[in-house]
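As the structure lists them, so they are numbered: ligands from 1, and atoms in each ligand from 1. Every value quoted in this text rests on a predicted model; they were computed, and no experiment measured them.
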Amino acid sequence: MKIARFVPLAEPASPARFGVLEEGLLRELAGGLFDPPAFTGRCFGLADVRLLAPVEPRHIIGIGKNFAAPGEPKPPVPDMPILFFKPLGTAVGPGDPIVLPDSISRVKFESEVAVVIGRTARRIRPEEADGVIFGCTVANDVSALDLFHPEGHWTIGKACDTFCPLGPVIDTAFDWRSARIRASVNGVPKQDGAMADIIMPIDRLIACISGFMTLMPGDVILTGTPAGADWVGAGDVVTCAVDGLGELTNPVAAPA
Ligand code: MG
């Protein structure tokens, strides 16, 4: 099931709602993302809606340096991954601008598989991880490296408003193990990596994170980006894509 969150263009002031994408049409759901699916009977064409980030995250948890460089042996799985949080104001949807922070002219995009947690989970074993994943979507983990602190803290550079485009859909049946992750800028390919190159796999990430914090429905884990993440500036258009999961395109805009 591929689930989108949207507002009909004809009803721009109406509340966001969820829909299941089937053959190019969104079948409107009566309830929330984690409710048993019940349809209202209304359908919308994709051209007739504004897509939003498919989940309103509860936490956004990022993982750094989690893919092996091409041509190099994969390093051992670390006991402790590099982990950071992005504030909820980073989450935007397909087509929304990535707005550069004041005095920053360039940022890096990172195309990633984002895991959406579907149930409360604590001390999950890797073999149990699939049972707590609601689905996957595409994320762009935008980073202002010029705002990384010289002592190594990434927080500000990962945290700026609009720095986490998500979407276009959550696929509840996506097989993350075979994901192929791509990105392009202005149509020029930049990233093309395989989940096989991930250092700490998603099931082990969930085990690790749930070992120190309770995961809750709506938590989003950005699982890391393959080689090729590159600089972009105002006027560029970034497309992050995961084969079979979707394409997420966002323009980069000058500071508001
Ligand atoms: Mg990242």
**OP:** For Glu23, enumerate each residue passing the salt bridge (charged side-chain N to carboxylate O under 4.0 Å, His left out) test, keeping only those at least two apart in sequence or located in another chain.
**Re:**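 In terms of salt bridge (charged side-chain N to carboxylate O under 4.0 Å, His left out), with neighbours along the sequence ignored, Glu23 is linked to no residue.
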Subject >> Under the salt bridge (charged side-chain N to carboxylate O under 4.0 Å, His left out) test, residues paired with Asp219 that sit two or more places apart >> reply: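 With neighbours one apart ignored, the set is Arg58.
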Original post:
If you look at every heavy atom in Lys86 and Lys158, which pair is closest and at what distance?
Top reply: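 In this case the closest contact between Lys86 and Lys158 is NZ-O, 2.9 Å.
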**OP:** Start with the C-alpha gap between Thr137 and Val242, add the side-chain angles, then the distance that decides, and say whether side chain to side chain contact (heavy atoms under 4.5 Å, CB included) holds.
**Re:** CA-CA 8 Å; Thr137 189; Val242 177; over 6 Å; no
Original post:
Apart from Ile199 itself, which Ile, Leu, Val, Met, Phe, Trp or Tyr residues share its cluster (side-chain heavy atoms under 4.5 Å, direct or through members)?
Top reply: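 Traced through the cluster, Ile199 reaches no other member.
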**OP:** Under 2.8 Å from the Mg ion (ligand 1), how many protein N/O/S atoms do you get? Just the number, please.
**Re:**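 Those protein atoms number 3 in total.
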Original post:
For residues Asp236 and Trp231, is any side-chain donor paired with an opposing acceptor at under 3.5 Å?
Top reply: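 Not at all, the side chains of Asp236 and Trp231 share no donor-acceptor pair under 3.5 Å.
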